2 protein chains.
Amino acid sequence: MKVLSNASIYGLRALIYVASQKNEKEYVSIREMSESMDISFHFLTKILQTLTKNGILYSSRGPHGGVALTRPPGQVFMVEIVKILEGEDYFDTCFLGHPDCGIAAPCPMHDFWINVKSVFLDRFEKTSLEELSAKIKEGKLRL
Amino acid sequence: MKVLSNASIYGLRALIYVASQKNEKEYVSIREMSESMDISFHFLTKILQTLTKNGILYSSRGPHGGVALTRPPGQVFMVEIVKILEGEDYFDTCFLGHPDCGIAAPCPMHDFWINVKSVFLDRFEKTSLEELSAKIKEGKLRL
DNA sequence: TTGGTTTAAGACAATTTAGTCCCAAAAGAA
DNA sequence: TTCTTTTGGGACTAAATTGTCTTAAACCAA
Ligand code: SF4
Ligand code: SF4
């Protein structure tokens, strides 16, 4: 079972990496992240570019360049990242892939699906990069 | 958000279609199903072939041929279909795509993810084709 | 200013998923 | 038998996702 594309997963992991940095103001090198997390450098670069375009990250070229968060990790929530990388309609899907249905006479999976989606949305809305990076900072989890 | 591939969705819908048939013993034509549900005939055929190979369906060629359930709809559960069409390891995934991790120092999403997967597994284990086809039989839901 | 470093951008290739097509094989009817 | 209908099986194409590569642009330091 997979609910996020590789692009979203890599983007999320990189943001957690950045958020877990000691010095919040310093740029983090994409090369360093890609090697540390064993993700293709160019692929990760492309993903982070869209996060930069969408205002999640600052970026700077040249020596000591890289990317940095535009906001404190406690103010960046998963839901925003997922909507940027997966699409704005991420939570507007039907379990069976129907374009529209279910209002009048929903199928037996409808209530389940609506509920699952709201659980995901709720969790994504409440989980910040700060929370996600907490255990990394303590050195308790690899990324 | 998508948790099932198109192949699984089409396979499930076709099984629901078969299960909602009045005469349980009669073969249902794949052509009829593909046209009624607006699914590619050849694609659906291929999917139903793997379900036949895996003992979910009988099949017969020629006039009045088609597919039929090997068991009563009340004895066929979603979990079996999903594991056949998505792979046996469908429920053995990590939220962040790691091959192994989390036992010692799980990430903040681990508990959430484990819980979500068990909710899915539980529901898939308890939902039979009979339940899924109930509303169709009443004519209350399109497929 | 010159050269090295690093992100930006976009073309390109590989892989996976989705879908199409053709022909063989089986079943039924004439 | 012979013809038609319908599934079986595999090759093929299309599209989406994933990943690679090359060059340009920005930044820094000597
Ligand atoms: S009723 Fe079922 S098929 Fe219709 S939108 Fe809800 S989940 Fe999808
Ligand atoms: S701890 Fe997090 S990253 Fe590790 S297996 Fe669990 S969900 Fe995946």
Side-chain angles (χ1 to χ4, degrees), chain A residues 1-14 17-18 26-70 82 85-87 89-90 93 96-97, chain B residues 1-14 17-18 26-70 82 85-87 89-90 93 96-97:
Chain A
M1 183 160 55
K2 201 172 177 181
V3 297
L4 293 179
S5 67
N6 282 7
S8 299
I9 291 171
Y10 297 162
L12 220 38
R13 287 172 65 198
Y17 190 108
V18 173
E26 249 174 30
Y27 288 112
V28 183
S29 145
I30 299 179
R31 174 74 62 183
E32 173 194 326
M33 283 193 279
S34 75
E35 285 176 358
S36 161
M37 300 190 296
D38 199 36
I39 298 171
S40 150
F41 166 71
H42 289 99
F43 192 30
L44 184 58
T45 295
K46 191 178 348 188
I47 296 161
L48 296 186
Q49 274 170 23
T50 85
L51 290 177
T52 301
K53 278 186 236 163
N54 282 274
I56 303 294
L57 295 168
Y58 292 127
S59 74
S60 173
R61 308 183 197 189
H64 308 293
V67 295
L69 288 168
T70 58
V82 168
L85 295 176
E86 296 280 338
D89 60 345
Y90 181 73
T93 57
L96 291 180
Chain B
M1 182 158 57
K2 200 172 179 180
V3 297
L4 294 179
S5 67
N6 281 8
S8 299
I9 291 171
Y10 297 161
L12 263 173
R13 287 172 63 198
Y17 190 107
V18 173
E26 249 174 31
Y27 289 111
V28 183
S29 145
I30 300 179
R31 173 75 61 184
E32 172 195 327
M33 283 194 279
S34 75
E35 285 175 358
S36 160
M37 299 190 296
D38 200 37
I39 297 172
S40 151
F41 167 70
H42 290 100
F43 192 29
L44 184 58
T45 295
K46 190 178 345 188
I47 295 161
L48 296 186
Q49 274 170 22
T50 85
L51 289 177
T52 301
K53 278 185 236 164
N54 281 273
I56 304 294
L57 294 169
Y58 292 126
S59 75
S60 173
R61 309 182 199 190
H64 309 294
V67 295
L69 288 168
T70 58
V82 168
L85 295 176
E86 296 281 337
D89 60 344
Y90 181 73
T93 57
L96 291 179

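Just the heavy atoms: all of them, side chains too, but no hydrogens, waters or symmetry mates, feed the values below. Small disclaimer: the values here were computed from a predicted structure and weren't measured. So you know, we letter chains A, B, ... as the sequences are listed, proteins then strands, and number each from 1.
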Original post:
Does atom CZ of B:F41 have more than 12 heavy-atom neighbours, drawn from other residues, nucleotides or ligands, at distances under 6.0 Å?
Top reply: yes
Subject >> Residue list, side chain to side chain donor-acceptor pair (under 3.5 Å) with B:K2, at least two apart or on another chain >> reply: B:N6
Original post:
How close or far is atom C1' of C:dT20 from atom CG of B:N6, stated in whole angstroms?
Top reply: 15 Å
**OP:** Round to the nearest Å and state the distance from A:M37 atom CE to D:dG19 atom P.
**Re:** 13 Å
**OP:** Among A:I56, A:L51, A:L12, A:I9, find the residue that satisfies the side-chain contact (heavy atoms from CB on, under 4.5 Å) test when tested with A:L85.
**Re:** A:L51
Subject >> Contacts of A:S8 that satisfy side chain to side chain donor-acceptor pair (under 3.5 Å) - sequence neighbours left out >> reply: A:S5, A:E86
Original post:
Quick one: A:Y27 OH to C:dT5 C1', roughly how many Å, whole number?
Top reply: 15 Å
Original post:
CG of A:L57 versus P of C:dA8: gap in Å, rounded?
Top reply: 9 Å
Subject >> Base versus backbone protein contacts along nucleotides 24-29 of chain D [heavy-atom cut-off under 4.0 Å; B, S, -] >> reply: -BBBS-
**OP:** May I ask you to verify if any side-chain N or O of A:Y10 is less than 4.0 angstrom from the OP1 or OP2 atom of D:dG19?
**Re:** yes
Original post:
Looking at residues at least two apart in the chain, or sitting in another chain, which of them share a side chain to side chain donor-acceptor pair (under 3.5 Å) with A:E26?
Top reply: none
Subject >> Flag if over 12 foreign heavy atoms under 6.0 Å of CG, A:D38 >> reply: no
**OP:** Give the angle between the helix axes at the two ends of the helix from C:dT1-D:dA30 to C:dA30-D:dT1, taking five base pairs at each end and rounding to 10°.
**Re:** 10°
Original post:
Does any non-hydrogen side-chain atom of B:L4 lie less than 4.5 Å from one of B:Y90?
Top reply: yes
Subject >> Euclidean distance, atom CZ of residue A:R13 to atom P of D:dT18 [Å, nearest integer] >> reply: 14 Å
Original post:
Can you tell me how far C1' of C:dT5 sits from CD1 of A:I30, to the nearest Å?
Top reply: 13 Å
Original post:
Is any side-chain heavy atom of A:I39 closer than 4.5 Å to a side-chain heavy atom of A:I47?
Top reply: no
**OP:** Please report, rounded to the nearest Å, how far the C1' atom of D:dG8 is from the CG atom of B:N54.
**Re:** 15 Å
**OP:** Output the residues of residues 39-50 of chain B in contact with DNA chain C, where contact means a heavy atom of the residue under 4.0 Å from an atom of the strand; sort by number or write none.
**Re:** B:S40, B:H42, B:F43, B:K46
Subject >> A:T70 side-chain N/O to A:Y58 backbone N/O, donor-acceptor pair under 3.5 Å >> reply: no
**OP:** To the nearest Å, give me how far apart CZ (B:R31) and P (C:dC21) are.
**Re:** 11 Å
**OP:** Looking at every strand, decide which applies to B:Y58 at a 4.0 Å heavy-atom threshold: base, sugar-phosphate, or nothing.
**Re:** nothing
**OP:** Would you check if the side chain of B:S36 reaches a backbone N or O of B:E32 as a donor-acceptor pair within less than 3.5 Å?
**Re:** no
Subject >> Heavy-atom check, side chain of B:H42 versus side chain of B:K46, under 4.5 Å >> reply: no
